[in-house]
Amino acid sequence: MKFIELRKDLDKKLFWLGIFLLPSAFSFSVIFFFISLLISVKNNYKKILTDKINLIFILYFLLLPLIALTHSEQVPPLFGEWDKSLTWIGLANWLPLFALFLGFQYYLDTKEDRIKAGNFFIAGTFPVLVSGIGQYFFNWHGPMEILNGLIIWYQRPIYEGARLSAVFNNQNYAGTWFCVVLPFCLSAFIKKSQFTLSKYISLFFLILVTTSLILTTSRNAWGGLILLIPLMTGFSSIIWLIPIITILGGLISLILLGIMTPELTASIKDIIPSWIWMEFDPANFINRVSRLEIWNQSIIYIMKRPFWGWGAASFPILYEAATKTYVTHPHNLLFELSISYGVPFTALIFSSVLLITILSFKKIYRNNTKGLIDNISEKAWFSSFLVLFTSQFFDIQYFDGRISVTFWILLAGLKRIISSRSSLQKNSNNIQA
């Protein structure tokens, strides 16, 4: 009997286990995701092939290797330092994830499925929190490896200019992860009407995730935190949020420009930690290449080869050849895609993702009249995706596998919100007719 119970919904359980292990044991997470994906495609391929939006992503799945073929068939290569094999290796950032988007929709079919997945995102963040607290307060650092490197925790030592990064290789990646999980924590806390043990646990996670997000000192994550407030608590919060941001921004600007008196500046700086000021101090950016310089150079490359692009992983080689400075990526996913695979393909992908985002926003937020708790779990799902999506316009955390897998899981959930609610509406209309 226990064996039968274990086999029941085994594919869903493997999917949830994959989410739980995603941030802390990515190698094992991939295994569970792969098995659950095979089962889902086997059981749902007819549904996948009859859905118009899914067919569009299947087209992208077929189109991308053809673009890569145009790069690899160039003789000689487009430029000397670029290896043709990179264009095929780069497909790993997209093709498997398109498959995840198609297959995982059916593990996120109902609101209850998505709530369950959100809870596993929260639970899977516990090791990240432990590692981050140990890193920040107890100087745990590594990297720490087990099972011959199958699991690696990048525990960087805390020093000036580097802050909490937990199991991630970069504090911006950690900040992005906390932004993804925070809406689920807030949703879990709000839904508990009474202060029971589960509500205290939800509050514990909410406080720890928020604190860890701030301690990453990732400006991208701080911006995501600001964006989450109106998305989760209601757009009426913008009325008081904008004045607060304006006052704080103006205050920081006055101090950095030296307009305030030294005494007043010193008093304010005594209140706010120095590591926060560092993130806005112009002196901290003297030896850094600015985003505007990188984006300007990216546009030049795009204009030179707008149709097919230059090939995957071409940006750092192109940029270094032009500026004698090494930069890993253009800090904007649209620019990265356009440089690698051309403007037409980028426009197709972006428009499809944007369409799902807009349609799901309308489904979740339209006619929302019941207050804060109304549809809070669906708002959490949307907020988590939107913050992750918008962050890719200012940095690219996507190339961390944990972030990219999360991106497509969240998008798959939004796709099901659109489809399931549309189906319910159709059924309702049929009954009325």
Side-chain angles (χ1 to χ4, degrees), residues 5-45 47-48 54 57 61 92-131 146-147 149-154 166-169 173-174 176-185 188 205 209 377 380-381 384-385 388 397-417:
E5 287 295 322
L6 182 64
R7 288 191 59 186
K8 184 180 179 181
D9 294 330
L10 177 62
D11 51 344
K12 272 192 178 182
K13 292 170 183 174
L14 292 174
F15 172 69
W16 293 332
L17 188 56
I19 292 177
F20 175 75
L21 295 174
L22 184 56
S24 58
F26 182 62
S27 301
F28 290 99
S29 174
V30 168
I31 294 172
F32 293 125
F33 279 146
F34 180 71
I35 298 171
S36 61
L37 176 64
L38 290 180
I39 298 172
S40 175
V41 172
K42 176 180 176 293
N43 293 338
N44 301 292
Y45 70 92
K47 294 179 182 178
I48 293 173
N54 287 344
F57 279 91
F61 190 96
N93 290 314
W94 303 101
L95 297 187
L97 295 157
F98 291 164
L100 295 187
F101 169 74
L102 296 171
F104 284 175
Q105 290 177 32
Y106 300 97
Y107 299 131
L108 303 165
D109 195 37
T110 66
K111 181 186 287 188
E112 289 69 28
D113 290 334
R114 293 185 288 274
I115 291 173
K116 193 88 169 182
N119 290 338
F120 275 97
F121 272 116
I122 297 173
T125 302
F126 183 71
V128 182
L129 294 170
V130 171
S131 115
I146 60 173
L147 301 177
L150 276 175
I151 298 176
I152 303 176
W153 286 14
Y154 293 96
V167 302
F168 292 86
N169 190 35
Y173 294 175
T176 299
W177 182 265
F178 292 132
C179 277
V180 166
V181 174
L182 184 58
F184 297 125
C185 295
F205 270 93
V209 169
S377 59
W381 196 274
S384 182
F385 175 78
L388 178 55
Q397 308 90 15
Y398 181 89
F399 292 131
D400 184 299
R402 294 164 289 191
I403 302 297
S404 57
V405 168
T406 300
F407 180 97
W408 290 99
I409 289 175
L410 293 173
L411 188 66
L414 293 185
K415 168 63 177 58
R416 293 312 298 166
I417 288 173

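Because only heavy atoms are used, hydrogens play no part in the values below, and waters and symmetry mates are left out as well, while side chains stay in.
Atom CG of L97 sits about 11.5 Å away from atom CZ of F57, to the nearest 0.5 Å. Rounding to the nearest 0.5 Å gives a distance of 9.0 Å between CG of L102 and CH2 of W408. A distance of 11.0 Å separates OG of S131 from CZ of F126, quoted to the nearest 0.5 Å. Between F33 atom CZ and L21 atom CG the span is 8.5 Å, to the nearest 0.5 Å.
With sequence neighbours excluded, no residue satisfies ring pair (Phe, Tyr, Trp, His ring centres under 6.0 Å) with F205. With sequence neighbours excluded, no residue forms a side chain to side chain donor-acceptor pair (under 3.5 Å) with T406.
The aromatic rings of F120 and W16 sit parallel, their planes meeting at an angle under 30°, below the 60° perpendicular limit. Between F168 and W177, the ring-plane angle classifies as tilted under the 30° and 60° cut-offs. Between Y398 and W94, the angle of the ring planes stays under 30°, which puts this pair in the parallel group of the 30/60° scheme.
With a 4.5 Å cut-off on side-chain heavy atoms, T176 and L388 count as touching. Looking at L10 and I39, their side chains never come closer than 4.5 Å, going by heavy atoms from C-beta outward.
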- request: Show the numbers, then the answer: is there a ring-ring contact (aromatic ring centres under 6.0 Å, His included) between F121 and F20?
  value: CA-CA 6 Å; F121 272 116; F20 175 75; over 10 Å; no

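A donor-acceptor contact shorter than 3.5 Å is absent between the side chain of R402 and the backbone of L22. Judged purely by atom type and a 3.5 angstrom limit, S40 has no side-chain atom pairing as donor or acceptor with the backbone of S36.
Other residues, nucleotides and ligands contribute at most 12 non-hydrogen atoms within 6.0 Å of the NZ atom of K116.
With 3.5 Å as the limit, one finds no donor-acceptor pair spanning the side chains of Q105 and N44.
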